[in-house]
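Below is one structure, written out as structure tokens; comments come after it.
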Amino acid sequence: MPAGTGITLRHLAEHTSGLSRLPVGPAGPPGDPYATFTEQALRASLRELDRVATGPLGKEAYSNLGYAVLGHALTTVTGCSYQQLVDRHVLLPLGLEAGAVTALPPAEQRLVPRGLFGRPRPLWTLTGPILPAGGLWSTCRTLSQVVTGLLVERRLGPPAPSWQRSSPITWHNGATRGSSVVAAAHDDGRWIVLHRLGAAAGTDRLARKALLAAPAPHGGT
């Protein structure tokens with residue numbers, strides 16, 4: 001990478017690297033924005049990181065490209081695949097099986113958005129270098145175990161800097177084509193995982209309404 005960018009791993013993890021939200025370079029087709037973001041495209045971005053980093057260093061600005069770079073750094077220095085890192089450092093310590101969260105679930109078990117006549121809509125290509133930004137699949141039960149383990153029980157320590165914080169709630173949301181999800185935990189122990197086939201804005205509103213409307217646990221935990 002070019003010298004002098006000043007970008008650290010923490011900048012990447014906290015979305016304060018100044019990198020753009022989406023990868024630079026040739027745009028993918030309208031229905032698959034990451035299709036052209038290959039390993040070669042990522043390496044080209046790294047060689048020009050001083051040009052790609054267009055925002056101010058240290059100011060929060062969400063960047064999927066930043067998480068692609070972070071994932072590439074972690075897999076390169078460890079010699080492990082991203083799946084192996086997730087298994088070793090997240091799933092197994094939380095008492096879950098390796099592969100319980102995966103980039104390649106069985107096709108017949110995937111809940112996907114469907115078009116007007118019930119046919120599955122094409123999915124985004126998220127198995128390449130953009131995988132660390134949101135290409136993993138899970139059941140709602142498994143994701144709930146991950147969320148409670150990380151945010152409620154805090155079995156791996158304080159939540160990672162990738163989680164968003166709007167006191168008194170720690171949360172994160174995300175969306176792909178036709179699907180959206182919110183995971184959040186209140187400081188008093190209430191938590192929610194909400195996935196729906198629909199626009200992200202509606203999912204966010206519904207999750208916040210449900211979390212704040214639920215009664216606080218007796219004793220605060």
Side-chain angles (χ1 to χ4, degrees), residues 7-22 55-75 82-83 85-96 100-103 126 130-176 179-196 200-214 216-217 220-221:
I7 298 174
T8 67
L9 296 178
R10 179 164 288 276
H11 285 131
L12 295 171
E14 293 178 338
H15 295 285
T16 56
S17 65
L19 294 177
S20 59
R21 183 180 184 91
L22 300 177
L57 187 66
K59 182 178 180 180
E60 184 173 348
Y62 202 88
S63 175
N64 286 333
L65 174 59
Y67 262 70
V69 175
L70 178 59
H72 180 71
L74 296 176
T75 55
Y82 193 70
Q83 180 70 62
L85 294 177
V86 170
D87 291 343
R88 181 180 304 170
H89 297 288
V90 181
L91 299 180
L92 294 177
L94 291 178
L96 296 167
V101 179
T102 177
L126 295 170
I130 200 65
L131 172 64
L136 296 174
W137 293 71
S138 167
T139 66
C140 282
R141 181 181 296 276
T142 295
L143 183 56
S144 296
Q145 290 176 287
V146 171
V147 169
T148 54
L150 295 179
L151 301 186
V152 180
E153 300 168 0
R154 302 202 172 187
R155 293 166 61 183
L156 302 186
S162 53
W163 288 97
Q164 306 295 301
R165 178 70 179 170
S166 300
S167 186
I169 297 173
T170 303
W171 61 278
H172 208 298
N173 61 356
T176 57
S179 301
S180 51
V181 66
V182 174
H186 196 287
D187 285 348
D188 63 18
R190 287 175 288 173
W191 61 273
I192 187 171
V193 170
L194 176 63
H195 171 271
R196 63 190 287 270
T203 306
D204 292 349
R205 288 194 299 270
L206 183 59
R208 182 172 181 83
K209 182 178 179 180
L211 182 62
L212 294 180
T221 57

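Looking at residues two or more places apart in sequence or on another chain, you find a side chain to side chain contact (heavy atoms under 4.5 Å, CB included) between Leu206 and Leu194.
Between Gly66 and Leu19, the shortest heavy-atom contact is CA-CD1, 3.8 Å. Taking every heavy atom of both residues into account, Ser63 and Ser20 meet most closely at OG-O, 2.7 Å. Between Leu92 and Leu96 the shortest heavy-atom distance is CD2-O, 3.4 Å. Across Ala216 and Asp188, no two heavy atoms sit closer than the pair CB-OD2, 3.5 Å. Across all non-hydrogen atoms, the minimal contact from Ala103 to Leu136 is N-CD2, 3.6 Å. Heavy-atom minimum distance, Val193 versus Ala183: CG2-CB, 4.3 Å.
In this structure, CD in Glu60 is found 11.0 Å from OG in Ser17, a value given to the nearest 0.5 Å. Distance NE2/His15 to OH/Tyr62: 4.5 Å, rounded to 0.5 Å. Here the CG-CD1 distance, from Leu57 to Ile7, works out to 6.5 Å after rounding to the nearest 0.5 Å. Interatomic distance, CG of Leu65 versus CG of Leu22, reported as 8.5 Å (0.5 Å rounding). Taken from CD1 in Ile192 to NE2 in His186, the straight-line distance is 12.5 Å, to the nearest 0.5 Å.
At most 12 heavy atoms of other shown residues, nucleotides or ligands fall within 6.0 angstrom of atom CZ in Arg208.
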Problem - Test log, rule side-chain contact (heavy atoms from CB on, under 4.5 Å), inputs Ile169 and Leu211 - result: CA-CA 9 Å; Ile169 297 173; Leu211 182 62; 3.7 Å; yes

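No side-chain donor-acceptor contact under 3.5 Å links Glu14 to the backbone of Gly58.
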Distance-only donor-acceptor pairs under 3.5 Å for side chains of residues 159-166, two or more places apart:
{"residue": "Gln164", "atom": "NE2", "partner": "Ser162", "partner atom": "O", "Å": "3.4"}
{"residue": "Arg165", "atom": "NH1", "partner": "Thr170", "partner atom": "OG1", "Å": "2.8"}
{"residue": "Arg165", "atom": "NH1", "partner": "Asp187", "partner atom": "OD1", "Å": "2.9"}
{"residue": "Arg165", "atom": "NH2", "partner": "Asp187", "partner atom": "OD1", "Å": "3.2"}
{"residue": "Arg165", "atom": "NH2", "partner": "Asp187", "partner atom": "OD2", "Å": "2.7"}
{"residue": "Ser166", "atom": "OG", "partner": "Trp171", "partner atom": "NE1", "Å": "3.1"}

List the atom pairs, donor and acceptor, that lie under 3.5 Å between side-chain atoms in residues 141-152 and the rest of the protein, sequence neighbours left out.
{"residue": "Thr142", "atom": "OG1", "partner": "Thr139", "partner atom": "OG1", "Å": "3.0"}
{"residue": "Ser144", "atom": "OG", "partner": "Cys140", "partner atom": "O", "Å": "2.8"}
{"residue": "Thr148", "atom": "OG1", "partner": "Ser144", "partner atom": "O", "Å": "2.9"}
{"residue": "Thr148", "atom": "OG1", "partner": "Gln145", "partner atom": "O", "Å": "3.3"}

